[in-house]
Number of protein chains: 2
Amino acid sequence: MAAQESHEEEVPTRERILREASRLFSRKGYHGTSTREIAEAVEIRQPSLFHHFPSKRDIMSELIDIDHGESSIVAERQAAGKGSAALRLYRYLVWDIAFICRCAYDLTSVELVVDDPIFADKMAKRDALVIARRSMIEQAIDSGEFVSVDADLAEKAIVWILRGDIADTAGQAVPDADVVADQLASFILRALLEDASQLGEIRAAGSITEV
Amino acid sequence: MAAQESHEEEVPTRERILREASRLFSRKGYHGTSTREIAEAVEIRQPSLFHHFPSKRDIMSELIDIDHGESSIVAERQAAGKGSAALRLYRYLVWDIAFICRCAYDLTSVELVVDDPIFADKMAKRDALVIARRSMIEQAIDSGEFVSVDADLAEKAIVWILRGDIADTAGQAVPDADVVADQLASFILRALLEDASQLGEIRAAGSITEV
DNA sequence: GTCTATAATAGGATAGAC
DNA sequence: GTCTATCCTATTATAGAC
């Protein structure tokens with residue numbers, strides 16, 4: 001399909017820093033990872049990092065932006081759409097889970113710092129995502145597609161599943177991203193649908209527009 | 001030495017350290033929290049901490065033990081039981097979620113360090129929990145109570161929901177712990193049951209406080 | 001763009017008075 | 001059990017050569 005990188009492909013240093021930093025941040029936390037460890041993983045010396053990023057914080061900051069960027073756009077577009085809210089939620093979920101699975105960075109790291117005050121400036125975009133997801137759930141409850149659960153609690157359960165999926169698969173270039181995305185999205189929909197037999201229809205309709 | 005605080009219950013310093021440390025570790029991470037910050041929250045000086053705990057690591061270590069202790073016992077007992085596996089899974093879930101909600105400490109902190117190599121010695125008990133949960137799911141799939149999902153993926157989704165619930169409610173002494181426990185356990189069961197109409201029976205048989 | 005050398009500071013932990 | 005004073009190491013970041 002896509003043109004393969006040559007066998008002696010050179011990943012730019014800046015890119016390698018993001019990859020290795022995301023991996024280390026995920027295991028040991030942002031504060032638990034030193035710039036020396038990142039540099040060692042990238043196979044450069046510690047001060048060389050600062051040629052590519054002005055500070056350690058800016059490395060994490062870029063990873064947060066990558067995580068929040070497209071997800072909130074997709075969620076807001078689906079939340080504002082017409083027709084079955086259950087289908088729109090499914091479409092958003094499949095897109096987001098596949099994105100997480102395919103990402104070259106381990107975005108667990110982002111989830112571990114969401115409450116850290118030093119990244120408080122990044123919370124606005126996250127709030128937008130929460131609102132869009134809850135809106136879709138509320139629409140589906142109002143239309144009778146979903147059982148009348150607590151919309152807040154359901155939204156939280158979804159976030160937690162997405163977050164867990166991030167922790168588990170991100171940065172690994174999962175080969176069957178679409179299969180995992182469908183399985184998890186189906187798990188969530190089955191928990192919410194008033195009539196579980198509608199899941200087949202939704203899955204069929206959701207994959208039609210798939211990339 | 002110090003004047004007694006009227007009729008208010010006096011919380012021992014050691015206990016206050018665990019509470020404040022768990023709260024700070026959850027927001028800022030284990031490495032992101034300094035012993036000076038913990039001491040400030042407890043309203044003592046930094047070196048006084050070391051009269052109660054030999055090291056900062058030992059504070060976190062105790063929180064991990066509190067989190068893992070009873071959960072694994074309950075899960076293993078239910079996994080080894082007889083009768084409906086769906087009911088046993090529900091009972092374990094309700095117990096664990098209510099425990100998380102009622103705990104005086106913010107056990108999110110524990111979840112944030114599970115992959116940190118410096119707490120690698122704490123992973124054995126965690127593995128026991130994973131095995132017990134997956135066993136219950138497999139039993140329920142084999143008996144036809146659950147749809148034939150990927151048992152690994154389902155176990156992970158459950159962990160993620162529990163973990164999220166920890167992040168969201170722990171350390172807050174949630175008043176309606178049993179209600180939250182039933183709602184979340186029901187969400188999980190509905191996602192897994194072959195026949196969703198069986199949920200009512202399971203809740204009646206397994207829940208302590210009906211909703 | 002990467003290196004060596006180093007500045008500047010924050011952090012965990014100890015000693016010993018009271 | 002808590003305090004003050006302090007040690008020592010690890011850490012982020014800068015300066016300047018090549």
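Residue numbers start from 1 in every chain, and the chains themselves are labelled A, B, ... in the order their sequence lines are given, proteins ahead of strands.
Geometrically, B:Lys56 does not engage B:Phe25 in a cation-pi contact, judged by NZ or CZ lying under 6.0 Å from the ring centre and within 45° of the ring axis.
Spacing between atom CG of A:Leu49 and atom C1' of D:dA13 amounts to 11 Å, rounded to whole angstrom units. One interatomic measurement links the two molecules: NE2 of A:His52 to P of D:dA13, which rounds to 15 Å at whole-angstrom precision. B:Phe53 has its CZ atom 14 Å from the C1' atom of D:dG1, to the nearest Å. Counting to the nearest Å, the P atom of D:dG1 and the CZ atom of B:Arg16 are 14 Å from each other. Nucleotide D:dG1 holds its P atom 18 Å from the CD atom of B:Glu43, rounded to whole Å. Taking atom CE of residue A:Met60 and atom C1' of nucleotide D:dT12, one finds them 17 Å apart after rounding to whole Å. Between the CD1 atom of B:Ile38 and the C1' atom of C:dG11 there is a distance of 12 Å, rounded to whole Å. The CD1-P distance, from A:Ile17 to D:dT12, rounds to 14 Å in whole Å.
Taking CD1 of A:Ile137 as the start and CD1 of A:Ile188 as the end, the distance is 9.0 Å to the nearest 0.5 Å.
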Going 5' to 3' through nucleotides 13-18 of chain C, assign each nucleotide B (protein heavy atom under 4.0 Å from a base atom), S (under 4.0 Å only from sugar-phosphate atoms) or - (no protein heavy atom that close). BB----
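The pair A:Arg27-B:Asp116 fails the salt-bridge criterion, with no side-chain N (NZ, NE, NH1 or NH2) lying under 4.0 Å from an Asp/Glu carboxylate O.
A pairwise comparison of heavy atoms in B:Ser109 and B:Leu63 identifies OG-CD1, 4.2 Å as the closest pair.
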Given the rule in the side chain to side chain donor-acceptor pair (under 3.5 Å) test, do B:Glu76 and B:Ser72 qualify, once you have shown the distances and angles that lead to the verdict? CA-CA 6 Å; B:Glu76 283 170 335; B:Ser72 56; 5.0 Å; no
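Residues A:Ser84 and A:Tyr90 form no side-chain contact, since every pair of their non-hydrogen atoms from C-beta on lies 4.5 Å or further apart.
Counting non-hydrogen atoms under 4.0 angstrom, A:Ser48 reaches a base of the nucleic acid.
For D:dT11, the OP1/OP2 oxygens have no side-chain nitrogen or oxygen of A:His31 closer than 4.0 Å. Taking only side-chain nitrogens and oxygens, A:His51 comes nearer than 4.0 Å to OP1 or OP2 of C:dG1.
The 5' end of DNA chain D is approached more closely, in terms of each residue's nearest nucleotide, by B:Arg45 than by the other of B:Arg45 and A:Tyr30.
Partner of B:Arg14 under the side chain to side chain donor-acceptor pair (under 3.5 Å) criterion, chosen from B:His51, B:His52, B:Glu62: B:Glu62.
Relative to the side chain of A:Ser34, the nucleotides C:dT2, D:dT12, C:dG12 differ in distance, and D:dT12 lies closest.
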